Amino acid sequence: MTTEMRKTGIDVVGDMVAWGAHFCLFYETKEDLLDSLIAYCKSGLAREEYCLWIVAEPLTIEEATAALKAAVPDLDRHLADSRMEIVSARDWFLQDGTFDGKRLTDAWYEKLARVSARGYAGMRVTGDTTWLAKKDWGHFCDYEDGLNEVIGNQSLAVLCTYPLATCGAPEILDVVRTHQFVLARRHGNWDIVETAALKRAKAEIKGLNEELEQRVVERTNQLMLASEALREAQTQLAHVNRVTTMEQLSASIAHEVMQPITATVTNAQAALRFLNALRPNLEVARRVLGDTIKEGNRTIDVIERIRALNKKAPPRKDAFEINGAILEVIALTRGEIVKNGVSVQTQLAEGLPLIQGDRVQLQQVILNLIINAVEAMSAVSEGARELLISTEKYASGGVLVAVRDSGPGLNPESFARLFDAFYTTKPGGMGMGLSICRSIVEAHGGRIWASRTAGPGTALQCILPVG
Ligand SMILES: Nc1ncnc2c1ncn2[C@@H]1O[C@H](COP(=O)(O)OP(=O)(O)O)[C@@H](O)[C@H]1O
Ligand SMILES: [Mg+2]
């Protein structure tokens with residue numbers, strides 16, 4: 001059931017009526033009737049609805065049209081579009097002079113189908129009942145009652161108008177019974193009478209809404225607490241994983257740092273020798289000292305990279321060049337790569353757009369992928385150990401980074417589960433690496449997946465977002 005509220009244009013209804021409303025208006029004078037219906041139709045036209053005004057005496061189609069035109073200047077256009085129709089009650093209700101509730105109900109369904117096929121927001125109808133003969137009253141009440149079912153699930157609102165003068169108490173009771181609520185307009189004043197059924201329904205809806213609101217508040221609080229805890233846990237795990245990965249890497253890193261330091265010392269000794277010579281060679285000493293500084297800076301670089309990777313820092317949004325970030329990670333893992341007899345190849349595309357995101361976090365992803373690949377390949381003794389790291393522009397935006405190895409590949413279980421937290425096939429493994437990779441990549445709006453390559457081996461690929 002659609003619960004969208006529609007403006008009735010009639011102030012007393014609080015200006016709102018839900019689709020599916022079937023309500024009635026008792027009036028005394030033609031002016032009171034015109035006043036109400038013009039507001040009703042005007043507000044429907046302003047809301048892209050289809051409006052049908054079924055007019056009965058003492059009002060004529062001409063009077064209704066003229067009065068509405070005074071309130072809606074572009075009425076002619078709406079009439080020409082058949083968006084607004086003003087028809088006579090006798091034509092609508094009494095097609096061959098007799099009242100037939102069944103035929104009429106079918107006519108409503110047909111009208112609704114045609115109106116919704118034309119794409120209107122809904123259908124707003126008003127009809128008067130002065131044409132009704134006493135003998136048809138009972139049938140008409142049955143028909144009004146049945147209308148509640150027709151209207152119930154449709155984008156349809158129906159306002160039935162009854163002249164108070166000709167309604168006796170039994171008729172008024174019938175009308176009240178068959179409508180959701182009742183308006184009365186007397187001497188320019190409005191009364192609204194809610195029927196018992198409507199009151200009950202409203203109270204029920206209010207209760208349900210309150211309960212729902214309460215539940216939404218509770219649930220939101222719970223979710224906020226949970227997601228905070230989750231984020232905290234993830235940051236901690238990411239840190240733990242990074243530290244563990246770094247521990248695995250420490251031999252490699254030691255090698256990485258030892259090399260420039262050894263070179264620095266050797267260079268400094270050489271420079272000293274040139275300066276201490278009988279005839280000091282300043283030219284060569286200067287060059288050697290220049291190299292010494294370079295090596296020293298390399299050491300600082302390496303240490304800074306390690307420090308950055310080990311830091312627990314909130315994620316950043318940098319614009320950075322991915323190939324450089326990858327080469328740094330390869331440099332950090334070189335010792336591990338060499339030790340395991342792996343040969344590395346890179347195919348890094350030129351002119352890639354800058355990546356948008358946390359450089360260190362994304363380096364951590366690549367680090368994990370490389371270490372996994374090296375570990376997978378070390379587990380088999382036969383065959384070449386080849387690692388291929390590539391970047392390319394991804395067709396639908398972003399950069400595709402792929403890490404391919406010639407290792408044992410993935411069995412169906414690993415293929416299905418490798419991104420699961422704590423899934424590991426390694427004796428000392430933690431099984432958090434790829435799970436963290438996925439959450440980092442997805443937090444960046446990217447995607448990461450594994451594929452089984454044509455030969456042996458595995459490819460892990462991710463798409464990273466660009467600015
Ligand atoms: N390149 C790869 N080749 C084969 N298996 C892999 C590869 N990368 C990951 N896996 C599988 O996925 C599992 C989960 O990896 P990961 O989440 O990094 O945890 P861990 O490395 O601690 O086991 C690994 O234990 C391994 O079974
Ligand atoms: Mg791992």
Side-chain angles (χ1 to χ4, degrees), residues 230 233-253 306 309-310 326 329-330 332-347 360-391 400-444 446-464:
L230 190 67
Q234 254 178 355
T235 319
Q236 265 166 17
L237 272 177
H239 180 69
V240 169
N241 178 68
R242 219 175 314 163
V243 173
T244 326
T245 316
M246 297 305 284
E247 269 164 16
Q248 288 169 320
L249 278 180
S250 56
S252 167
I253 288 163
I306 296 167
L309 275 172
N310 266 323
I326 291 176
V329 177
I330 297 177
L332 273 181
T333 51
R334 195 174 300 133
E336 196 74 356
I337 287 169
V338 171
K339 192 176 89 193
N340 287 287
V342 173
S343 72
V344 189
Q345 270 192 39
T346 52
Q347 280 174 8
V360 169
Q361 280 192 353
L362 292 172
Q363 278 186 315
Q364 190 195 340
V365 170
I366 292 153
L367 179 65
N368 270 311
L369 300 185
I370 294 178
I371 293 298
N372 275 348
V374 172
E375 285 175 345
M377 289 189 286
S378 328
V380 281
S381 43
E382 289 141 49
R385 296 176 177 176
E386 282 161 355
L387 182 62
L388 173 62
I389 301 165
S390 60
T391 55
L400 179 73
V401 179
V403 176
R404 291 167 214 276
D405 63 58
S406 60
L410 296 164
N411 61 36
E413 200 212 347
S414 289
F415 185 71
R417 298 191 49 202
L418 81 170
F419 289 102
D420 290 356
F422 303 114
Y423 176 76
T424 180
T425 55
K426 299 169 194 167
M430 183 158 61
M432 282 309 296
L434 288 178
S435 155
I436 287 166
C437 288
R438 173 165 276 178
S439 63
I440 291 176
V441 170
E442 287 180 355
H444 280 80
R447 216 151 51 79
I448 181 167
W449 70 97
S451 35
R452 285 178 274 191
T453 56
T458 308
L460 272 118
Q461 308 186 61
C462 57
I463 295 171
L464 303 178

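Keep in mind the model is a prediction, meaning the values are calculated, not measured. Each ligand, and each atom within it, is numbered from 1 in the order the structure gives.
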For Leu369, which of Leu387, Val403, Val329 qualifies under side-chain contact (heavy atoms from CB on, under 4.5 Å)?
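Between Leu369 and the candidates, side-chain contact (heavy atoms from CB on, under 4.5 Å) is satisfied uniquely by Val403.
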Side chains of [X] and [Y], heavy atoms from C-beta outward: is any pair under 4.5 Å?
{"X": "Val374", "Y": "Thr333", "value": "no"}
{"X": "His444", "Y": "Leu464", "value": "no"}
{"X": "Met377", "Y": "Asn340", "value": "no"}
{"X": "Gln364", "Y": "Ile436", "value": "yes"}

Which atoms from ligand 1 have a heavy atom of [X] less than 4.0 Å away?
{"X": "Gly409", "value": "4 (C)"}
{"X": "Ala376", "value": "2 (C), 3 (N), 4 (C)"}
{"X": "Gly429", "value": "22 (O)"}

Should the proximity of Ile371 to ligand 1, defined as any heavy atom under 4.0 Å, be assigned to the side chain, the backbone, both, or neither?
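Near ligand 1, Ile371 shows nothing, with every heavy atom at 4.0 Å or more.
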Checking the N or O distance criterion of under 3.5 Å, is ligand 1 in contact with [X]?
{"X": "Ser435", "result": "no"}
{"X": "Leu410", "result": "no"}
{"X": "Leu434", "result": "yes"}
{"X": "Pro408", "result": "no"}

Closest heavy-atom contact between [X] and [Y]?
{"X": "Pro408", "Y": "Ala376", "result": "CD-O, 3.2 Å"}
{"X": "Ile463", "Y": "Val441", "result": "O-CG1, 4.0 Å"}
{"X": "Phe419", "Y": "Leu460", "result": "CZ-CD2, 3.8 Å"}

N, O or S of Asn372 under 2.8 Å from the Mg ion (ligand 2):
yes
Quick one: look up the protein heavy atom nearest [atom] and list residue, atom name and how far away it is.
{"atom": "atom 13 (C) of ligand 1", "result": "Tyr423 O, 3.8 Å"}
{"atom": "atom 3 (N) of ligand 1", "result": "Thr458 OG1, 3.3 Å"}
{"atom": "atom 23 (O) of ligand 1", "result": "Thr424 OG1, 2.6 Å"}
{"atom": "atom 21 (O) of ligand 1", "result": "Lys426 NZ, 2.7 Å"}
{"atom": "atom 27 (O) of ligand 1", "result": "Thr425 OG1, 2.5 Å"}
{"atom": "atom 19 (O) of ligand 1", "result": "Gly431 CA, 3.1 Å"}

Heavy-atom distance to atom 11 (C) of ligand 1: which of Leu418, Leu387, Asp420, Asn411 wins?
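Result: the heavy atom closest to atom 11 (C) of ligand 1 is in Leu418.
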Just to be sure I'm reading this right: ignoring hydrogens, which of Val403, Asn372, Ile436 gets closest to atom 18 (O) of ligand 1? Compare them by their nearest heavy atoms.
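The nearest heavy atom belongs to Asn372.
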Contact check, Asp405 vs ligand 1, heavy-atom distance below 4.0 Å:
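Yes, that is the case, since the closest heavy atom of the residue is under 4.0 Å from the ligand.
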Centre of Tyr423's six-membered ring, under 6.0 Å away, within 45 degrees of the axis: is that where NZ or CZ of Arg417 sits?
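That pair does not qualify as a cation-pi contact.
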Could you tell me whether a side-chain N or O of Arg385 sits under 3.5 Å from a main-chain N or O of Ile337, the two making a donor and an acceptor?
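No, Arg385 side chain to Ile337 backbone: no donor-acceptor pair under 3.5 Å.
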In Å and rounded to the nearest 0.5 Å, what is the CD to CG distance from Glu413 to Leu418?
10.5 Å
